[in-house]
Amino acid sequence: MESQDNSDTERARRVTIVREELPPFPPAVVQMRNERMAKKVSKLIDDYLKEEGKKLDPINHLMILLLGPGDSGKSTVLKQMIMLHRNGFTKAERDEIAPTIQLLILQSVQVVLQYCLTYEPVWESREIEDAVTNIINYKFQPDQTSIPIEAKEWAVAVSESQHYRTASLKGEDIGINATYPHYVPTDDDILQIRRKTENISETVFEIEKKFWHVIDVAGQKDKRARWTTYMEKRLSGVIYVFSCAAYNQMMEEQPDLNRIDDAIQLFTSICTNSVLKVQRPNDKKFYMEWLQKEFVTISKNSNITSYLFKTTATDVQLMQKVLFSIKDNIMRGQAKELGVI
């Protein structure tokens with residue numbers, strides 16, 4: 001019995017171990033190797049799920065699919081689960097995400113400086129003026145994953161300008177903390193970072209002596225075809241995430257489609273039901289009430305048991321309550337299937 005438990009533990013953690021033990025790449029090669037490595041890890045996970053999925057004991061191994069439209073906060077929910085159920089992020093994970101945070105910070109600094117230039121400020125020193133010019137003229141590449149060392153120095157110089165501090169509410173933070181050479185992202189830094197999920201990832205948590213396999217897939221429209229492979233597998237539950245803040249936003253991939261309409265259509269397709277179009281005012285309070293009724297109705301019509309939670313993905317305390325509720329609901333559903341209750 002003990003040998004079987006050890007085997008299950010090794011099998012369940014295999015993909016996570018592969019991901020966690022990948023060493024951080026030097027900045028000079030990280031951009032070239034990130035995409036190749038991501039595809040390699042994604043293929044490892046695909047192979048793992050295909051070969052090992054049927055072997056996992058359904059009583060002790062729960063398969064959870066994390067679904068939702070792109071830019072809805074799925075990965076942020078996964079980060080909250082890592083903080084709550086896996087004792088936070090490893091040093092390797094923090095080092096891996098630091099260049100991305102620095103890249104987004106430089107992009108934000110550039111936007112703020114472009115605004116500053118509209119009122120033709122007199123910069124406090126030649127160093128700051130040169131740094132402003134360099135950042136304004138810096139060309140970001142579509143697949144860029146890090147920034148050069150000199151760009152970090154520009155950001156530090158610019159952050160000393162009172163013009164910049166006035167224009168940016170977080171001017172004292174941007175360019176000072178995250179651009180230091182030995183910067184290590186905090187939990188809040190990692191929660192706040194936003195980047196597209198391009199590949200499939202699986203994270204395994206041990207919760208109350210059971211292994212939870214949480215599979216996170218990309219939500220962009222051109223990535224959804226591969227969801228079918230995982231929907232056909234034995235699932236213990238689906239965590240569907242959508243953003244209420246998108247009620248007045250349009251799809252990036254399809255500019256004539258409202259993001260909330262897309263979220264409802266996607267949820268409906270998962271439940272194999274049809275969706276009705278209605279006229280709705282551009283009002284946040286109305287949307288919150290209407291969305292709750294809409295999703296509940298779709299679930300009932302599809303004969304699916306679902307639970308709706310209104311939360312903020314970056315709020316640690318609020319998300320802990322939601323994740324505990326999700327855990328209890330899934331465990332209760334499993335107990336009913338097994339005839340325990």
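Note that these values count all heavy atoms, side chains included, but never hydrogens, waters or copies made by symmetry.
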K.L.:
Would you check if the side chain of S72 reaches a backbone N or O of G68 as a donor-acceptor pair within less than 3.5 Å?
P.N.:
no
K.L.:
Please confirm whether the backbone N or O of D315 pairs with a side-chain atom of T312, one donor and one acceptor, at under 3.5 Å?
P.N.:
no
K.L.:
Would you call Q320 and Q80 a side-chain contact if the rule is heavy atoms closer than 4.5 Å?
P.N.:
no
K.L.:
With the side chain counted from C-beta on, respond yes when V109 and Y164 share a heavy-atom pair under 4.5 Å apart, and no when they do not.
P.N.:
yes
K.L.:
At what distance, to the nearest 0.5 angstrom, does CG of L257 lie from CG of D262?
P.N.:
5.0 Å
K.L.:
Between Q102 (side chain only) and S146 (backbone N and O only), is there a donor and an acceptor less than 3.5 Å apart?
P.N.:
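No; judged by distance alone, with no hydrogens or angles, the pair does not exist.
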K.L.:
How long is the span from the CZ atom in R259 to the CD atom in Q249, to the nearest 0.5 Å?
P.N.:
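Rounded to the nearest 0.5 Å, the CZ-CD separation comes out at 4.5 Å.
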K.L.:
Start with the C-alpha gap between M83 and M319, add the side-chain angles, then the distance that decides, and say whether side-chain contact (heavy atoms from CB on, under 4.5 Å) holds.
P.N.:
CA-CA 11 Å; M83 291 172 58; M319 280 301 303; over 6 Å; no
K.L.:
Side chain to side chain contact (heavy atoms under 4.5 Å, CB included) with P69: which of L266, I264, V241, I260?
P.N.:
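Running side chain to side chain contact (heavy atoms under 4.5 Å, CB included) over L266, I264, V241, I260 with P69 returns exactly one hit, L266.
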K.L.:
Please examine the side chains of V184 and D189, heavy atoms only from C-beta on, and report whether any two atoms are closer than 4.5 Å.
P.N.:
no
K.L.:
Please assess Y240 against L65 for the test side-chain contact (heavy atoms from CB on, under 4.5 Å), listing each intermediate value before the final yes or no.
P.N.:
CA-CA 8 Å; Y240 185 81; L65 200 55; over 6 Å; no
K.L.:
How close do S299 and S306 get, heavy atom to heavy atom, and via which atoms?
P.N.:
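That would be OG-OG, 2.6 Å.
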K.L.:
Are K79 and D187 ion-paired here, with the side-chain N under 4.0 Å from a carboxylate O?
P.N.:
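No, this pair does not count.
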K.L.:
Over all heavy atoms of both residues, which pair between L106 and A151 is shortest? Give the atoms and the distance, please.
P.N.:
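Looking at all heavy atoms of both residues, the shortest contact is CD2-CB, 3.8 Å.
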K.L.:
Which value, rounded to the nearest 0.5 Å, describes the distance between K327 atom NZ and M81 atom CE?
P.N.:
11.0 Å
K.L.:
In Å and rounded to the nearest 0.5 Å, what is the OG1 to CG distance from T314 to L191?
P.N.:
7.0 Å
K.L.:
Is there a donor-acceptor pair under 3.5 Å between the side chain of S243 and the backbone N or O of A245?
P.N.:
yes
K.L.:
For R86, is there an ion pair with E93 - N to carboxylate O distance below 4.0 angstrom?
P.N.:
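Yes.
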K.L.:
In terms of hydrophobic clusters joined by side-chain contacts under 4.5 Å, are V296 and I326 together?
P.N.:
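The answer is no; the residues belong to distinct hydrophobic clusters.
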K.L.:
To the nearest 0.5 Å, tell me how far K321 NZ sits from L323 CG.
P.N.:
12.5 Å
K.L.:
Kindly indicate whether the side chain of S75, heavy atoms from C-beta on, has any atom under 4.5 Å from the side chain of D216.
P.N.:
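When only atoms from C-beta onward are counted, D216 and S75 do touch, with a gap below 4.5 Å.
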K.L.:
Please report the interatomic distance CD1(I128) to CG(L113), rounded to the nearest 0.5 Å.
P.N.:
10.5 Å
K.L.:
List the steps, then state whether side-chain contact (heavy atoms from CB on, under 4.5 Å) holds for I193 with I97.
P.N.:
CA-CA 9 Å; I193 197 73; I97 202 172; 3.6 Å; yes
K.L.:
Taking all non-hydrogen atoms of both residues into account, name the closest pair between I135 and A155 and its distance.
P.N.:
CD1-N, 4.0 Å
K.L.:
Does atom CG of N87 have more than 12 heavy-atom neighbours from other groups under 6.0 Å away?
P.N.:
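Counting other residues, nucleotides and ligands, CG of N87 stays at 12 neighbours or fewer.
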K.L.:
Closer than 3.5 angstrom, by distance alone: can the side chain of Q254 be matched with the main-chain N or O of D256 as a donor-acceptor pair?
P.N.:
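Side chain of Q254 to backbone of D256, a donor-acceptor pair under 3.5 Å: no, none is there.
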K.L.:
Do you know which two heavy atoms are closest between I330 and S236, and how far apart they sit?
P.N.:
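Smallest interatomic distance, heavy atoms only, reads CG2-O, 4.1 Å.
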K.L.:
Taking the side chain from T133 and the backbone from E129, do they hold a donor-acceptor pair closer than 3.5 Å?
P.N.:
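At least one qualifying donor-acceptor pair exists.
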K.L.:
Which pairs count as ring-ring contact (aromatic ring centres under 6.0 Å, His included) when at least one residue sits in residues 116-152, sequence neighbours excluded?
P.N.:
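Counting only pairs at least two positions apart or across chains, the ring-ring contact (aromatic ring centres under 6.0 Å, His included) contacts touching residues 116-152 are W123-H163, Y138-F140.
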K.L.:
Side-chain heavy atoms nearer than 4.5 Å, only ILVMFWY residues, links allowed to pass through others: does that put L104 and Y115 together?
P.N.:
no
K.L.:
Check whether S159 reaches the backbone of V156 with its side chain - one donor and one acceptor, N or O, closer than 3.5 Å.
P.N.:
yes
K.L.:
Side chains of D328 and R332, heavy atoms from C-beta outward: is any pair under 4.5 Å?
P.N.:
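Heavy-atom side-chain distance check passes, below 4.5 Å.
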K.L.:
Do the ring planes of F267 and F295 sit parallel (below 30°), tilted (30 to 60°) or perpendicular (above 60°)?
P.N.:
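Correct class here is tilted.
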K.L.:
Could D130 and R126 be called an ion pair, given the rule that one side-chain N must be under 4.0 Å from one carboxylate O?
P.N.:
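Looking at R126 together with D130, the answer is yes, because their closest N to O distance falls below 4.0 Å.
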K.L.:
In the single-linkage hydrophobic clustering (I, L, V, M, F, W, Y; side-chain heavy atoms under 4.5 Å), do M250 and F242 co-cluster?
P.N.:
no
K.L.:
Using atom types as modelled and distance alone, determine if a side-chain donor or acceptor of E127 lies under 3.5 Å from a backbone N or O of A157.
P.N.:
no
K.L.:
Let's go through F211 and F205 carefully: what are the C-alpha distance in whole Å and the side-chain angles of both, what is the deciding distance for ring pair (Phe, Tyr, Trp, His ring centres under 6.0 Å) to 0.1 Å, and is it a yes or a no?
P.N.:
CA-CA 6 Å; F211 296 104; F205 305 96; over 10 Å; no
K.L.:
Going through the checks in order, is the side-chain contact (heavy atoms from CB on, under 4.5 Å) test met by E124 and E160?
P.N.:
CA-CA 9 Å; E124 294 87 340; E160 297 298 321; over 6 Å; no
K.L.:
Within the structure provided, determine whether T297 and E294 are in side-chain contact (heavy-atom separation under 4.5 Å).
P.N.:
no
K.L.:
Counting C-beta onward and ignoring hydrogens, is there a side-chain heavy-atom pair between I215 and L66 closer than 4.5 Å?
P.N.:
no
K.L.:
Quick check on the hydrophobic clustering: are V111 and I136 connected, directly or via other members, by side-chain heavy-atom contacts under 4.5 Å?
P.N.:
no
K.L.:
Considering only heavy atoms from C-beta outward, does the side chain of I101 approach that of I105 to under 4.5 Å?
P.N.:
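Touching, per the 4.5 Å side-chain cut-off.
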K.L.:
Using modelled atom types and a 3.5 Å cut-off, is there a donor and acceptor pairing between side-chain atoms of N258 and backbone atoms of Y247?
P.N.:
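Judged by distance alone, yes, a pair lies under 3.5 Å.
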K.L.:
I'd like to know if the side chain of R94 reaches the main chain of Y183, judged simply by a donor and an acceptor atom lying under 3.5 Å from each other, with no hydrogens or angles considered.
P.N.:
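Pair absent, no side-chain N/O of R94 close to backbone of Y183.
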K.L.:
Quick one: do L84 and F309 end up in the same hydrophobic cluster if we chain Ile, Leu, Val, Met, Phe, Trp and Tyr together by side-chain heavy atoms under 4.5 Å apart?
P.N.:
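Yes; F309 is reachable from L84 via cluster members.
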